[in-house]
S.K.: 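Below are the structure tokens for one structure; questions will follow.
All ligand and atom numbering here is 1-based and tracks the order in the structure. Given the structure is predicted, the values throughout are model-derived calculations rather than measurements.
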Amino acid sequence: MMQFDGNTKVLGIFGDPVAHSLSPKMQNAAIEAAGINAVYVPFHIRPEQLQDAVEAIRAIGLLGVSVTVPHKEAVMPFLDEIDSGAQLIGAVNTVVNRDGRLIGYNTDGLGLLKSLDQELGFNPHGKKTVLFGAGGAARAAIVALAQSGVSHLVVGNRTAEKAERLVRGFSGHFPGTSFSATSLESDLLQSALAETDLLVNTTTIGLHGEAFPVRAIKSLSESASFYDMVYTSGLTPLQSDAQGRGLNFTDGRGMLAGQGEEAFRLWFGVQPPDKIMHSQIAK
Ligand code: ATR
């Protein structure tokens, strides 16, 4: 049982909704295992309360917060400083209170890279990648993968213009990566899938059991890896397909743990005890 006293530091997560979040369980387990005098609690913050809630971080002296849907972009103007990686992604998922100065970071991309390494043994350097989706989760993944030196990155999205806009924005930043954008139905996507080393799904398709709208896993080669950011209590249709084909694949739980570990490091200046966060969210 966690013990609190007059020196207990408080952290939390801002989200709407927030009740389903696994972060309090994960972070408190790590805090306890590390023997740190702190507690991490959920804060249900509606969009119209976000600015006041951010001010409250300073007023109450919270050590920091995680930021989740739908506040990851909206929180940015209320912070004092945005780390360069978060700026590039255009979203913040971790706020650190350094003596009243609020600094925004994004640890989602690092979480993905840690999980690719730990769960799939996949090193993105020099690899071909196809990514589904063009929202905030895609932006974090694109920056992380391009920074790790993927050679090709094909972004496939239902709304092709959104993928094109993303690719235009990022290609100048990462001259070592060849970017392309396409709709989900294109022949280009099918040939990219056949050649890719890695497929990353950043959309929420499958969360409620929906099938992916086009031929996806079946187009991959046998040696390809599949990273699905979606996680459910069972397997989504995409994940079942990947299992059926015997592919190297994993769901998004490792990324959740990885981003949480990086946030912990930013708040407390130490690594959380190994695997504690993973163990809290295992199936
Ligand atoms: P997040 O910030 O979590 O990435 P988002 O910004 O809402 O969420 O982006 C969701 C992504 O999933 C988008 O790329 C969206 O495609 P569109 O840009 O065409 O909207 C994609 N997506 C969501 N539901 C989808 C569906 N049923 N079929 C295809 N793509 C879908």
Side-chain angles (χ1 to χ4, degrees), residues 13-18 20-23 45 47 50 66-76 82 85-94 104-113 115-116 129-146 153-170 179-186 188-190 192-193 199-219 226-232 236-241 251-256 258-260 263:
I13 177 165
F14 287 2
D16 178 23
V18 79
H20 68 290
S21 172
L22 296 169
S23 292
I45 308 295
L50 182 61
S66 305
V67 181
T68 189
V69 179
H71 304 313
K72 287 185 178 186
E73 292 167 32
V75 75
M76 296 175 76
I82 309 283
Q87 225 151 46
L88 200 54
I89 295 167
V92 158
N93 79 333
T94 304
Y105 296 87
N106 195 311
T107 67
D108 285 332
L110 269 179
L112 171 64
L113 295 179
S115 187
L116 279 171
T129 304
V130 174
L131 185 145
F132 290 153
R139 295 180 65 90
I142 291 170
V143 169
L145 291 166
L153 217 171
V154 177
V155 180
N157 196 46
R158 175 175 60 185
T159 315
E161 300 82 64
K162 248 169 96 180
E164 280 155 19
R165 223 176 307 137
L166 262 195
V167 160
R168 261 200 308 277
F170 282 128
F179 287 89
S180 18
T182 178
S183 72
L184 292 179
E185 291 81 20
S186 70
L188 170 69
L189 184 68
Q190 285 303 323
L193 283 169
L199 169 64
V200 180
N201 176 35
T202 76
T203 76
T204 53
I205 300 172
L207 188 58
H208 307 291
E210 322 87 296
F212 204 76
V214 295
R215 195 179 148 86
I217 299 297
K218 292 184 177 69
S219 304
F226 170 47
Y227 198 96
D228 196 345
M229 288 193 193
V230 176
Y231 54 88
T232 64
T236 69
L238 274 184
Q239 292 162 11
S240 293
D241 284 354
D251 69 14
R253 264 178 299 210
M255 179 172 167
L256 177 70
Q259 65 75 32

S.K.: To check your reading of the model: name the closest protein heavy atom to atom 4 (O) of ligand 1, its residue, and the distance in Å.
M.R.: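 Sorting protein heavy atoms by distance from atom 4 (O) of ligand 1 puts Ala137 N, 3.0 Å first.
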S.K.: Using distance alone, with no hydrogens and no angle criterion, decide if Gln259 and Asn93 have a side-chain donor and acceptor under 3.5 Å apart.
M.R.: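 Per modelled atom types, Gln259 and Asn93 side chains form a pair under 3.5 Å.
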S.K.: Donor-acceptor pair, Tyr227 side chain versus Met255 backbone, under 3.5 Å?
M.R.: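 It does hold such a pair.
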S.K.: So which protein heavy atom does atom 17 (P) of ligand 1 come closest to, and at what separation?
M.R.: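 Checking every protein heavy atom, the shortest distance to atom 17 (P) of ligand 1 gives Thr159 OG1, 3.4 Å.
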S.K.: Is the closest basic N to carboxylate O distance between Asp108 and Arg139 below 4.0 Å?
M.R.: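 Salt bridge between Asp108 and Arg139, a charged N being under 4.0 Å from a carboxylate O: no.
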S.K.: Considering distance alone, does some N or O of Gly133 sit under 3.5 Å from an N or O of ligand 1?
M.R.: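 No, Gly133 has no N/O under 3.5 Å of an N/O on ligand 1.
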S.K.: Going by heavy-atom distance to atom 31 (C) of ligand 1, choose the closest among Arg158, Glu161, Lys162.
M.R.: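 Nearest heavy atom to atom 31 (C) of ligand 1 lies in Arg158.
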S.K.: Under the 3.5 angstrom rule, does the side chain of His71 hit a backbone N or O of Val92 as a donor-acceptor pair?
M.R.: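 Pair absent, no side-chain N/O of His71 close to backbone of Val92.
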S.K.: Look at atom 21 (C) of ligand 1 and say which protein heavy atom is nearest, naming residue and atom and giving the distance to 0.1 Å.
M.R.: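 For atom 21 (C) of ligand 1, the nearest protein heavy atom comes out as Thr203 CG2, 3.7 Å.
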S.K.: Ser21 side chain to Ser23 main-chain N or O, any donor-acceptor pair under 3.5 Å?
M.R.: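 At least one qualifying donor-acceptor pair exists.
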S.K.: Closer than 3.5 angstrom, by distance alone: can the side chain of Glu210 be matched with the main-chain N or O of His208 as a donor-acceptor pair?
M.R.: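 Looks like yes, one N/O pair under 3.5 Å.
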S.K.: Any protein heavy atom sitting closer than 4.0 Å to atom 10 (C) of ligand 1?
M.R.: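 No, there is no protein heavy atom closer to it than 4.0 Å.
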S.K.: Below 4.0 angstrom from a heavy atom of Ile205, which ligand 1 atoms are there? Numbered from 1 as shown, please.
M.R.: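 In order of number, 25 (C), 26 (C), 28 (N), 29 (C), 30 (N), 31 (C).
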S.K.: Starting from atom 6 (O) of ligand 1, find the nearest protein heavy-atom neighbour and note its residue, name and distance.
M.R.: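 For atom 6 (O) of ligand 1, the nearest protein heavy atom is Gly135 CA, 3.3 Å.
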S.K.: Under 3.5 Å, is there a donor-acceptor pair linking the side chains of Thr182 and Ser186?
M.R.: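 Present: a donor and an acceptor within the cut-off.
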S.K.: Is a side-chain N or O of Asp251 found less than 3.5 angstrom from the main chain of Asp228, in a donor-acceptor match?
M.R.: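 Absent.
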S.K.: Once you restrict to heavy atoms under 4.0 Å, what part of Asn157 touches ligand 1? Side chain, backbone, both or neither.
M.R.: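 Side chain only.
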S.K.: For ligand 1, does Val69 get within less than 4.0 Å through its side chain, its backbone, both, or neither, judged by non-hydrogen atoms?
M.R.: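 For Val69, there is no contact with ligand 1 at all, from either part.
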S.K.: If you have a sec, work out which protein heavy atom is nearest atom 2 (O) of ligand 1 and how many Å separate them, to one decimal?
M.R.: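 I find the closest protein heavy atom is Gly136 N, 3.0 Å.
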